[in-house]
Number of protein chains: 2
Amino acid sequence: MNDERQQRVLDAAQRLFLKYGYDKTTVNDIAAEAGISKGAVYLHFKSKEAVMDALILREGQRVQADIMRRLAADPDGGNLFNIFRYGLIGLAENELMRAFYSRRREVFGDLLKRLAPKIADAEARSMSVEFVRQYQAAGLIRPELDPATVAFLMMVMRYGLLTIDEVVPRDESPPIEAVGALIADLLQRGLAPEGGGDPEAGKALFNTLAQGALERLKQQGRPAPDTEEGK
Amino acid sequence: MNDERQQRVLDAAQRLFLKYGYDKTTVNDIAAEAGISKGAVYLHFKSKEAVMDALILREGQRVQADIMRRLAADPDGGNLFNIFRYGLIGLAENELMRAFYSRRREVFGDLLKRLAPKIADAEARSMSVEFVRQYQAAGLIRPELDPATVAFLMMVMRYGLLTIDEVVPRDESPPIEAVGALIADLLQRGLAPEGGGDPEAGKALFNTLAQGALERLKQQGRPAPDTEEGK
DNA sequence: ATATGACCAAAATCGTCATATGGGTCAATC
DNA sequence: GATTGACCCATATGACGATTTTGGTCATAT
């Protein structure tokens, strides 16, 4: 009901999960950090796991919104490589999403096992071969390139960017915006056909794909209809 | 002395370390797998840790040799992006090096703590800002690009490629050769100046850098002269 | 010379159990 | 009727000693 309180709980949980990890954070800690009692947490969420689920959903949606905002602000937003670029930046700037994609056990603890398929799903969805193939069919990627290899390479870049802070501390890395711009420029020069293809086709295709992605993300919020949940 | 026997021990250790991990592999196991007795292992190596060190050194040198072979076979081998490409392929094809770069605890177990600086060192050396800067100075990378961002992006690609098999099983990935070729092509089109720069400058620069790298790798073989070894 | 495997001390593992913790509930309270 | 926090109980933790494992050595055998 009280949505603002619910957000406060999620804020508290996010802080604590990222700092101490899911396992070491108690429901009491969350309640205290949010300035309410333990029982009140259970007024909003049916379990500790549900808090994490809601948190991931919320941050995922925030990232989505962030990406949309950047795309809307960019006159060349419909361009495939700018979509990829803003997706990259949006994810990389969200600490929870970064932890999510790099499967950080210190953050998700025992939940990781249950979360793994969800991560794999998000991973696959965000840069699938099919996605690339459609852009290629629309004439936005040079026809002689192998879509599987292109998709894989883009996955590699995204995965690398989201996980490299295990090697290079974030504060020693160049600004994400600069890296994203370089990547988009690189892909544009390297993958697009002479002349850059038809931007309108890109926009149209993107709208279709984005619609599907948004709907699937929403569905993650409600309990899976059937999928076996057994150990 | 008996070098062939020593190699057999390393072969055995490599198989077992990769399959069961350093911790779960006993010296007896290694001896048995190599077809000799435990005592004989200590004729060649002063400790179990020394076996791992020797193994990493051997595989590192093999990768080096592999890279050199590919470079020599390629008429355009001196090109920066082909160097990067063959470095990538060489590392990615070596299972131990892949495990090394992705810091797989299942493989290295408790040694990981001690190995960490060695990994970080290898990481930094193989694509440093200085490296890029020199190539840029030699006119092989467009001058308006920020060397730190370029170096970072290349690190991201390398790191991503070496670690992504935690997400995409290796047998579902496109062939490494194809990915390497695409990456080199992408970088060439995206980073090189119009006309591609002077290939001779590239070759000369590379020879200098390779010399340094080889020497440093050899030094890893002998005990560190002083570096504090404390817990 | 070279290689072996019994041997040793140190460390890891196991089994047990007493205690503490923390997720979730609900009667009491505001 | 919204909120609390004392309470319950399944699970986690850690102490402990007994037992096994295992890295490393060395007297002996080949």
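Protein chains get the first letters and strands the later ones, always in sequence-line order, with residue 1 at the start of each. All of these numbers come straight from a predicted model, not from anything done at the bench.
Between the two ends of the helix from C:dA1-D:dT30 to C:dC30-D:dG1, each summarised by a five-pair axis, the helix axis turns through 30° (rounded to 10 degrees).
The stretch residues 14-22 of chain B has no heavy atom under 4.0 Å from DNA chain D, so no residue of it qualifies as close.
The NE2-P distance, from A:H44 to C:dG24, rounds to 16 Å in whole Å. Between A:I36 atom CD1 and D:dG5 atom P there is a gap of 11 Å when expressed in whole angstrom units. Rounded to a whole Å, the CD atom of B:Q6 is 14 Å from the P atom of C:dT2. Going from atom CD1 of A:I30 over to atom C1' of C:dG22 covers 12 Å, rounded to whole Å. For the pair A:N28 CG and C:dA20 C1', the interatomic distance rounds to 15 Å; values are reported in whole Å. Atom NZ in A:K24 sits roughly 21 Å away from atom P in D:dT11 (whole-Å rounding).
For the side chain to side chain donor-acceptor pair (under 3.5 Å) criterion with A:T26, the lone passing option out of A:D29, A:N28, A:D23 is A:D29.
Salt bridge annotation for B:R114-B:E49: present, with a cationic side-chain nitrogen under 4.0 angstrom from a carboxylate oxygen.
At a cut-off of 3.5 angstrom, the base of D:dG24 holds no donor-acceptor pair with the side chain of B:K48.
Counting non-hydrogen atoms of neighbouring residues, nucleotides and ligands closer than 6.0 angstrom, the CZ atom of B:R170 exceeds 12 such neighbours.
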**Asked** Between B:I119 and A:V167, is a side chain to side chain contact (heavy atoms under 4.5 Å, CB included) present by the stated rule, with each step listed?
**Response** CA-CA 9 Å; B:I119 302 176; A:V167 179; over 6 Å; no

**Asked** Run the side chain to side chain contact (heavy atoms under 4.5 Å, CB included) check on A:F45 and A:V9 step by step: do they pass?
**Response** CA-CA 10 Å; A:F45 304 95; A:V9 173; 3.7 Å; yes

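Taking side-chain N and O atoms only, B:R5 has no distance below 4.0 Å to OP1 or OP2 of C:dT2. For the pair B:S37 and C:dT4, the criterion of a side-chain N or O lying under 4.0 Å from OP1 or OP2 is met.
When the nucleotides D:dG24, C:dT25, C:dT2 are ranked by their closest atom to the side chain of A:Y42, C:dT25 comes out on top. Here D:dG23 is the nucleotide among C:dG23, C:dA3, D:dG23 with the atom lying nearest to any side-chain atom of B:V27. When the nucleotides D:dG23, C:dT4, C:dG24 are ranked by their closest atom to the side chain of A:K38, C:dG24 comes out on top.
Comparing B:D110 and B:G35 along DNA chain C, the residue whose closest nucleotide (by nearest heavy atom) sits nearer the 5' end is B:G35.
There is a side-chain donor-acceptor pair under 3.5 Å between B:Y86 and B:D74.
Atom CG of A:L91 sits about 9.5 Å away from atom CG of A:L161, to the nearest 0.5 Å.
The aromatic rings of A:F108 and A:F100 stand perpendicular to each other, their planes meeting at an angle above 60°, with 30° marking the opposite boundary.
B:R58 has its side chain within reach of B:D11: a pair of non-hydrogen atoms, C-beta onward, lies under 4.5 Å apart.
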